[in-house]
Amino acid sequence: MPPKIVCVTGPTACGKTTLGILLAKQFHGEIVSADSMQIYRGMTIGTAAPTLAEMQGVPHHMVAVAEPTEQWSAARYAEAAIPCVEDILSRGKLPILVGGTGLWLDAVVSGHGFAGGSAGGAVRRELQRLLDQRGVEPLLQELRQVDPESAERLHPSDEKRILRALEVWRETGKTISAHNAETKLLPPRYDAVWLGLRFENREDQRALIDLRVDRMVEAGLPAEVRALLQSGLPRDATALQAIGYKEFIAAAEGRVTESEAVEEVKLRSRQYAKRQLSWLRRNPALHWITWEKDRDFARALQISTEILQGAGVS
RNA sequence: GCCUCUGUAGCUCAGUUGGUAGAGCAGUGGACUGAAAAUCCACGUGUCGUUGGUUCGAUUCCGACCGGAGGCA
């Protein structure tokens with residue numbers, strides 16, 4: 001039986017961070033963040049990363065451990081996060097994965113490995129150039145030759161995945177279909193107890209997202225964004241794909257007003273929450289804790305505790 | 001008060017030379033295996049402002065009225 005760990009997830013603004021810390025205190029746990037943007041330094045406000053005070057002494061890992069100039073991926077994250085989890089286990093503590101990046105959570109919990117290739121790699125750059133210059137069609141043609149299964153599965157508009165499928169082929173000589181089929185047979189790396197937070201009503205979720213965005217602005221999001229820009233961070237940095245940053249860059253450059261940026265961030269955040277839900281909903285192992293109106297953490301902690309104890313976590 | 005423009009999906013608007021209408025955005029659902037806060041897919045009935053008239057038939061033409069914008073006084 002693989003080691004037992006806990007995963008706390010849910011759409012943005014649902015209270016993952018708070019519940020994670022409560023559980024860590026109750027079960028002698030340590031937090032391992034699974035958030036594709038909190039991983040970067042200097043992005044505390046806009047990513048709602050926990051501050052030192054909020055952590056309440058609970059050890060946190062994988063938060064603000066990368067420079068915003070770096071390009072992290074699910075694979076790179078797993079490479080760093082798994083040793084973290086192992087270390088926590090070896091010290092007899094409970095690893096609690098907390099985050100809303102579904103793929104990153106799965107990258108740690110499932111035994112799946114990623115196929116070859118990398119973001120900054122030569123093959124990727126070459127394929128990207130081809131794509132920019134001649135469009136998807138040539139890539140799709142080649143993919144149909146070498147990996148008809150993927151070519152059939154992928155929508156012709158899904159350029160990113162078509163590119164990646166070809167990248168895997170060129171890098172490894174193996175198709176991504178074959179890799180995926182093989183890796184799916186591997187047993188899970190951890191025996192995870194999945195806890196998911198969500199709102200009963202979309203309107204409540206929306207209201208909370210709106211409130212949170214307003215607070216981020218009050219807390220200095222515009223200044224945080226300006227500081228990142230002044231540090232010479234390139235525009236195409238992965239870190240700047242974060243919601244809240246690209247919109248406030250536009251405001252900093254005078255292309256939109258600040259209130260337009262605020263509305264845009266709210267909009268993008270609720271669309272993001274919807275995508276998170278659609279990823280999470282297909283996980284049958286996930287125990288949902290539903291907020292009926294306000295976020296009642298005492299109740300959530302009690303429910304979670306029962307679930308964890310029922311699953312043999314102590 | 002007069003003149004002109006305008007009133008069509010939650011929003012912005014297109015359109016029907018008269019046969020009851022369609023885009024973008026929003027929204028909802030879904031996908032997702034080295035960018036994932038990214039990327040991609042699917043889903044569009046609404047008294048066509050109200051009310052009379054003309055017509056086999058009006059959202060479309062004509063009149064009145066109501067709302068909005070602008071101009072002239």
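Reminder, nothing fancy here: chain letters follow the sequence lines and each chain counts from 1.
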(message) Regarding Ala107(A), tell me which of base, sugar-phosphate or nothing describes its non-hydrogen contacts under 4.0 Å with the strands shown.
(response) nothing

(request) Please determine, for rU16(B), whether a Watson-Crick or G-U wobble partner exists with both distances under 3.5 Å, and give it or none. (result) none

(message) At 4.0 Å (heavy atoms only), tell me whether Gln271(A) reaches a base, stays on the sugar-phosphate, or touches nothing.
(response) sugar-phosphate

(message) Within 45 degrees of the ring normal and closer than 6.0 Å to the centroid, is that where the cationic atom of Arg198(A) sits relative to Trp291(A)?
(response) no

(request) Report the distance from atom CD1 of Ile39(A) to atom P of rG34(B), rounded to the nearest whole Å. (result) 17 Å

(message) Could you check whether any side-chain N or O of Ser231(A) sits under 3.5 Å from a backbone N or O of Leu228(A), counting only pairs where one atom can act as donor and the other as acceptor?
(response) yes

(request) Could you work out the separation of rA36(B) and rU28(B) based on their P atoms and round it to a whole Å? (result) 24 Å

(message) Regarding Gln145(A) and Gln141(A), do their side chains bring together a donor and an acceptor under 3.5 Å, going by distance alone?
(response) no

(message) Mind checking if Ser157(A) touches a base, just sugar-phosphate, or nothing, with heavy atoms under 4.0 Å?
(response) sugar-phosphate

(request) Determine the contact category for His112(A): base if any of its heavy atoms lies under 4.0 Å from a base atom, sugar-phosphate if only primed atoms, P, OP1 or OP2 are that close, otherwise nothing. (result) base

(request) Name the pairing partner of rA36(B), where a pair is Watson-Crick or G-U wobble with both distances under 3.5 Å, or state none. (result) none

(message) Counting only Watson-Crick pairs (N1-N3 plus N6-O4 or O6-N4) and G-U wobbles (N1-O2, O6-N3), all under 3.5 Å, who is the partner of rG10(B)?
(response) rC25(B)

(request) For rC13(B) and rU8(B), measure between their P atoms and round to the nearest Å. (result) 9 Å

(request) Kindly indicate, with the supporting measurements, whether the criterion ring-ring contact (aromatic ring centres under 6.0 Å, His included) is fulfilled by Tyr77(A) and Trp104(A). (result) CA-CA 7 Å; Tyr77(A) 165 74; Trp104(A) 285 29; 4.6 Å; yes

(message) Can you identify which nucleotide, out of rC41(B), rG34(B), rG27(B), has its nearest atom closest to the Arg164(A) side chain?
(response) rG34(B)

(request) Take atom CH2 of Trp104(A) and atom P of rA38(B), then tell me their distance rounded to the nearest Å. (result) 13 Å

(message) Rounding to an integer number of angstrom, what distance separates rU20(B) and rA64(B) when you compare their C1' atoms?
(response) 24 Å

(request) Would you classify Arg270(A) as touching base, sugar-phosphate or nothing, given that sugar-phosphate means primed atoms plus P, OP1 and OP2, and contacts are heavy atoms under 4.0 Å? (result) sugar-phosphate

(message) Given rA31(B), rG34(B), rA37(B), identify the nucleotide with an atom nearest to the side chain of Asp35(A).
(response) rA37(B)

(request) Please determine, for the side chain of Asp158(A), which listed nucleotide (rA38(B), rG27(B), rU39(B)) has the closest atom? (result) rU39(B)

(request) Would you mind classifying the nucleic acid contact of Thr238(A) as base, sugar-phosphate or nothing, using non-hydrogen atoms under 4.0 angstrom? (result) sugar-phosphate

(request) Return the nearest nucleotide to the side chain of Arg202(A); candidates are rA38(B), rU28(B), rA26(B). (result) rU28(B)

(request) Provide, to the nearest angstrom, the distance between the NZ atom belonging to Lys246(A) and the P atom belonging to rA36(B). (result) 11 Å

(message) Please pick, from rU39(B), rG27(B), rA31(B), the nucleotide with the shortest atom-to-atom distance to any side-chain atom of Ser278(A).
(response) rA31(B)

(message) Using atom C1' in both nucleotides, what's the gap between rU17(B) and rG29(B) to the nearest angstrom?
(response) 41 Å

(request) Determine which nucleotide pairs with rA58(B), using a 3.5 Å limit on both distances of a Watson-Crick or G-U wobble pair. (result) none

(request) Remember a base hit wins even if backbone is also touched, and classify Gln128(A) as base, sugar-phosphate or nothing at under 4.0 Å, heavy atoms. (result) base

(message) With rounding to the closest Å, how many angstrom separate the P atoms on rG63(B) and rC3(B)?
(response) 12 Å

(message) Using the C1' atom as the point on both nucleotides, what is the distance between rA38(B) and rG10(B), in whole Å?
(response) 28 Å

(request) Calculate the interatomic distance between Ile162(A) atom CD1 and rC40(B) atom C1'; express it in whole Å. (result) 10 Å

(request) Check the distance between rC32(B)'s P and Asn283(A)'s CG and give it to me in whole angstrom. (result) 13 Å

(request) Starting at atom CD of Glu167(A), determine the distance to atom C1' of rG34(B), rounded to an integer number of angstrom. (result) 7 Å

(request) Would you mind reading off the distance between Ile243(A) atom CD1 and rA36(B) atom P, rounded to a whole angstrom? (result) 12 Å

(request) Please say whether more than 12 non-hydrogen atoms of neighbouring residues, nucleotides or ligands are located less than 6.0 Å from CG in Leu185(A). (result) yes

(request) Check every atom of rA37(B), rG27(B), rG34(B) against the side chain of Ile176(A) and return the nucleotide holding the closest atom. (result) rG34(B)

(request) Determine the interatomic distance between P on rC48(B) and the same-named atom on rG22(B); round to the nearest Å. (result) 14 Å

(message) Between Glu182(A) and Lys174(A), does any NZ, NE, NH1 or NH2 come within less than 4.0 Å of an OD or OE carboxylate oxygen?
(response) yes

(message) From C-beta outward on Thr101(A), which listed nucleotide comes closest to its side chain: rG27(B), rA36(B), rG34(B)?
(response) rA36(B)

(request) Using whole Å, report how far CD of Glu260(A) lies from P of rC25(B). (result) 18 Å

(message) Just to be sure I understand the rule, does Leu154(A) reach a base, reach only the sugar-phosphate, or reach nothing, if contact means heavy atoms closer than 4.0 Å?
(response) nothing

(message) Does Arg282(A) qualify as a cation-pi partner of Trp279(A), given the criterion of NZ or CZ under 6.0 Å from the six-membered ring centre and within 45 degrees of its axis?
(response) yes

(request) Taking atom P in both rU45(B) and rA23(B), compute the distance separating them and give it to the nearest angstrom. (result) 11 Å

(request) Output the single nucleotide from rA37(B), rA38(B), rG30(B) whose closest atom is nearest the side chain of Arg275(A). (result) rA38(B)

(request) For the pair Lys16(A) and Asp35(A), find out whether any cationic side-chain nitrogen is under 4.0 Å from an anionic carboxylate oxygen. (result) no

(request) Classify the nucleic acid contact of Gly46(A) as base, sugar-phosphate or nothing, counting any heavy atom under 4.0 Å across all strands shown. (result) base

(request) Write down the partner of rG1(B) under the Watson-Crick or G-U wobble criteria, each distance required to be under 3.5 Å. (result) rC72(B)

(message) Salt bridge or not between Arg161(A) and Asp158(A)? Use side-chain N to carboxylate O under 4.0 Å.
(response) yes

(message) Taking atom types as they are modelled, would you say the side chain of Lys274(A) forms a donor-acceptor pair with the base of rG27(B) within the 3.5 Å cutoff?
(response) no

(request) Give one of base, sugar-phosphate or nothing for Arg281(A), where a contact means two heavy atoms less than 4.0 Å apart. (result) sugar-phosphate

(request) Select base, sugar-phosphate, or nothing to describe what Thr47(A) touches, counting heavy atoms under 4.0 Å on all strands. (result) base

